[in-house]
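Hydrogens, waters and symmetry mates play no part in the numbers below; they use all other heavy atoms, side chains included. All ligand and atom numbering here is 1-based and tracks the order in the structure. All of these numbers come straight from a predicted model, not from anything done at the bench. Throughout, residue positions are numbered sequentially from 1 according to the sequence presented.
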Amino acid sequence: MSTATSHKLEFVRTLPTDAVRQIQWNFADRYDLQMLVQSARAVARGPVARLVADGGRNSHEWTEAKAELLDAFDRAGITGVFMDPEEGGFLVGPKNLALALVAFELAWVDGGAATASLAGCLALAPIHERGTHEQKERYMRLASPPQPGEDRKPWRGAFCLTEPIPYVGVDTGMLDGKLRVADWTPGKEPLLQVEKRGRFITNIGFANFVTAAVDSADERIKGSCMVILEEGDPGIFDRGTATKKMVHQLSSTGDPVFQLGIPASRIVGGYDIQQGVIVPRYSHSEVIEAVFRRTRVTVGVMTAAKLLSAVEPIIRYQRARFRGAATATPGSVRYEMGLQAREDALHRLVDVWATGEASASLGFHAARVFDELDPLEREIDELVSQRGVRGARAKAKLFRQVSEEAAELVLLPKDDPKRARLKSDPLCRFLLLDSVADVLCPAAKLWNTGWGTHMMREAVSLMGGYGITEDCPGFLGNKWMDAQLEATYEGPEAVQRRQLSVTMCQPLFLAQFRSWIREMRAIASDHPGTGACTLATAMTLWLWTLDRLTHAKDAEGAKLYQSARQGVTFPLADALCWLLAVRCQILDVLELERRGGQDPSVAEGLAGFLNFFGDLCHVQSARASGEAARILAELVFGYNRHPAWDEAGYQGCFRIDELDELEGFVPGISACATDVIGPDGAHPPKAGPCAKCNGAEQFLLLHNKLDTCLTGARLAKDRAAEALAKIMIPEVLDYPA
Ligand SMILES: Cc1cc2nc3c(=O)[nH]c(=O)nc-3n(C[C@H](O)[C@H](O)[C@H](O)COP(=O)(O)OP(=O)(O)OC[C@H]3O[C@@H](n4cnc5c(N)ncnc54)[C@H](O)[C@@H]3O)c2cc1C
């Protein structure tokens, strides 16, 4: 990394080792997670890879061979990651990072295998987040892997929200699943009848229980809720036909039909009886919100794994491309470097790698934020009840007050003694972190999967025709298609953009975003080669644009920043995601610099890693800033009407005779005037008089500055490309093709 005491000349020698990743992604102190990574990797590069190589993806059906993967997950401890030790798991504390790491390892080889494992957690998540004590006890234990010597098959679960068209899809409110009272003897627990049809439900081929979203179709039940269905419940538990998907074939997906009788105690989170009406404690959307908030991060990490997994097979392909040809003799450039003698091949791979780094950093950063948030959330629940704050309104009022104060505190200088309050007050800490989590989760899901899919295409293209065959090492073609599913399920891009368009405007998030700009400038001052300064300028440009759009109107006088105006809010959310991802990437490289020297296995090649990763940050920062600037310029100017050659347009133009006169006072003015109207009203052949910047002068200044901030970015790319051509890779890929 370019620092004052630069390690400049050293190139990266090998692909990043586990020890490097552990430091970058902040789990160097977590031996339990390191072990988990190893066991998940053994399953991914062993049974999962073999099944893919043997054509396991060529069938839609849930087969014996696919089912064996579930047993492999159990044995490797993957199934137990979701549970606490007292529920049959083995990890103490929050599990977001752990689940993200497992997903990363499995998706490195096959996204469907990762999904099969994650879908079980998704089924349990409503119970984990909002379930009653009894529900947690029952289902966590049933779903936990058998302990040594225990002869028991763990229960598998499915999460059923999506319904056949025209009901639930992106719009999760359009529920057709129904809940009615079947029998309610006074003084006894009500019995309920569930009617629910699902569409594209993962794990349905083998699930023993299902958490399903339903709405009341009975005046004795209030609103919607989620219910737990079991395969032994009286009625119909029809798994439906397998979905003919072109992706993730190692997971089971189908359109089930349920018509089941269940006790009311299966309502997730329980219920109260109020004036003869069953009132679920949580609506289905409240449960879903709590669940997806965490699980979407893991999906984002899956696509990051695909990009990073593509690097090694591509390098190997590029280097060996011409070996065996008569003209490519050992020692010749063709033989030794193959396609890597070509700049474009290297530059494109640098882009794939840089995107993979940024998306992994964003995803793992988000997972760590949720790990920090989980215990805080519980602490705050207790604190709020101790303070006697009752009801959602009173709680929201308290949070509002504290957030305003916290937003002010964030912007005080670092050494201001008042800032200590931020760290010591759990409510402040919680609100700060919560506002960041509200942005990072949709950002990781949106950017990693959406842009990641584009970049997977790029990765596939680097393998030429091989890339789109089943024989492609690293299964890159599969991964490209699979990435599109990751961009779709658990809410496609529109859902993430919609959420971001609200959460990214919250004052508490914006206060922290402003402090991140300062943070990036400070980093740039010590590490000028990371692109942190460019990023800080792009972040400033984004803030300026948000402010402008929230106050400005379009040519028709309509408000620009409003929820119905997705053409404004959604691109602005996209621009933000680019910037957030690089920020996380830069922070991770700094972490490696800070702690790398403490681990002898990392210390040896540390300078090379720092130089290379620093250059990747610079490359990515230039790309991200450029993308953001392109989007922002279109938003700032795109809603103004372009002047026409009409009366209003002529007002801003010079007339030729007027210009002649002016020339006497201001020599040379005619050379600067672009819009000159002739005596007969003739005008230059173009769309209209040039548009003015209408109060956006500061934007133009910043945009201009950003362009010059790109200075050096291509040099970084050249250096990264040179390093890529020298990096050592193993002789063969460690999983079959
Ligand atoms: C293999 C697979 C596995 C799945 N597993 C599960 C599962 O286990 N459980 C489950 O419940 N579901 C599951 N799903 C369903 C998945 O979550 C949905 O397909 C997804 O949420 C999109 O819904 P949809 O297909 O109805 O798309 P639609 O809602 O029809 O969306 C189509 C397009 O319109 C856009 N759009 C829709 N509404 C808006 C809007 N308001 N504003 C702007 N744009 C909009 C969308 O972004 C999208 O581009 C799975 C799907 C697949 C393919």
Side-chain angles (χ1 to χ4, degrees), residues 57 60-62 66 107 110-126 156-177 196-207 209-214 224 226-227 229 239-258 284-285 287-289 291-292 295-296 298-299 302 442 445-446 449-450 453 478 481-502 562-571 573-574:
R57 291 181 57 125
H60 306 295
E61 304 304 325
W62 185 244
K66 293 180 192 177
D110 187 80
T115 294
S117 132
L118 292 176
C121 307
L122 184 62
L124 284 167
R156 316 286 179 188
F159 173 90
C160 184
L161 169 64
T162 311
E163 296 175 348
I165 284 172
Y167 295 104
V168 170
V170 168
D171 189 345
T172 53
M174 288 176 52
L175 268 181
D176 183 48
K196 170 90 183 176
R197 290 177 305 149
R199 176 167 58 110
F200 304 148
I201 304 306
T202 308
N203 278 10
I204 201 59
F206 52 83
F209 72 97
V210 175
T211 38
V214 285
S224 70
M226 289 206 75
V227 290
L229 312 174
R239 298 175 191 278
T241 49
T243 307
K244 291 186 177 145
K245 27 178 200 178
M246 293 151 73
V247 293
H248 281 214
Q249 291 92 339
L250 294 195
S251 68
S252 144
T253 313
D255 298 354
V257 178
F258 306 111
H284 85 290
S285 35
V287 179
I288 288 166
E289 197 183 319
V291 167
F292 280 160
T295 54
R296 282 173 176 157
T298 329
V299 180
M302 283 169 59
K445 171 76 164 61
L446 172 62
T449 62
T453 307
N478 291 343
M481 280 291 281
D482 284 355
Q484 179 53 40
L485 174 58
E486 285 140 35
T488 301
Y489 68 9
E490 291 202 27
E493 282 121 302
V495 175
Q496 316 310 322
R497 291 184 174 118
R498 209 164 48 188
Q499 192 186 332
L500 275 166
S501 64
V502 176
Q562 49 166 314
S563 66
R565 208 91 196 239
Q566 296 180 342
V568 176
T569 56
F570 282 18
D574 286 336

Measure from atom 34 (O) of ligand 1 to the protein's non-hydrogen atoms and state whether any distance is below 4.0 Å. no
Ring center gap for Phe159 and Tyr489 short of 6.0 angstrom: no
Using the salt bridge (Lys or Arg N to Asp or Glu O under 4.0 Å) rule, take Asp574 and Arg497 through it: C-alpha gap first, then chi angles, then the decisive distance, then the call. CA-CA 7 Å; Asp574 286 336; Arg497 291 184 174 118; 2.8 Å; yes
By side-chain contact (heavy atoms from CB on, under 4.5 Å) - contacts of Ser501 (at least two apart): Tyr561, Thr569
Protein non-hydrogen atom found under 4.0 Å from atom 38 (N) of ligand 1: yes
Just to be sure I'm reading this right: ignoring hydrogens, which of Val170, Ile288, Thr162, Val247 gets closest to atom 12 (N) of ligand 1? Compare them by their nearest heavy atoms. Thr162
Could you pull out the closest heavy-atom pair between Arg239 and Ala207, with the gap in Å? NH1-O, 2.9 Å
Heavy-atom nearest neighbour in the protein, as seen from atom 51 (C) of ligand 1, with distance rounded to 0.1 Å: Phe200 CB, 3.3 Å
Taking only heavy atoms of Ala494, which atoms of ligand 1 are found under 4.0 Å from at least one of them? 43 (C), 44 (N), 45 (C), 47 (O)
Would you say ligand 1 has an N or O under 3.5 Å from any N or O of Leu485? no
Should Leu161 be counted as touching ligand 1, given the test is an N or O pair under 3.5 Å? yes
With heavy-atom distances below 4.0 Å as the criterion, list the atoms of ligand 1 near Thr488. 20 (C), 21 (O)
Quick one: look up the protein heavy atom nearest atom 26 (O) of ligand 1 and list residue, atom name and how far away it is. Arg199 NH2, 2.7 Å
When you measure from the side chain of His284 to the backbone of Thr172, do you find a donor-acceptor pair of N or O atoms at a distance under 3.5 Å? yes
Hey, does Phe159 come in under 3.5 Å of ligand 1, counting only N/O atoms on both sides? yes
Polar-atom distance check: Thr202 versus ligand 1, any N or O pair below 3.5 Å? yes
Show which atoms of ligand 1 fall inside a sub-4.0 Å distance from at least one heavy-atom site of Lys245. 1 (C)
Specify whether the nearest protein heavy atom to atom 7 (C) of ligand 1 is under 4.0 angstrom away. yes
Heavy atom under 4.0 Å from ligand 1: found in Gln566's side chain, backbone, both, or neither? side chain
Scan Arg197, Arg199, Lys196 and name whichever one has a side chain to side chain donor-acceptor pair (under 3.5 Å) with Glu163. Lys196
Please confirm whether Thr253 comes within less than 3.5 Å of ligand 1 when only nitrogen or oxygen atoms on both sides are compared. no
Short list, please: which atoms of ligand 1 are under 4.0 Å from a heavy atom of Arg498? 41 (N)
Just which atoms of ligand 1 are under 4.0 Å from any heavy atom in Ile201? 7 (C), 8 (O), 9 (N), 10 (C), 11 (O)
Measure from atom 23 (O) of ligand 1 to every heavy atom in Gly169, Gly254, Ser563 and give the option owning the shortest one. Gly169
Once you restrict to heavy atoms under 4.0 Å, what part of Glu490 touches ligand 1? Side chain, backbone, both or neither. backbone
Option from His60, Lys245, His248, Lys244 for which side chain to side chain donor-acceptor pair (under 3.5 Å) with Thr253 holds: Lys245
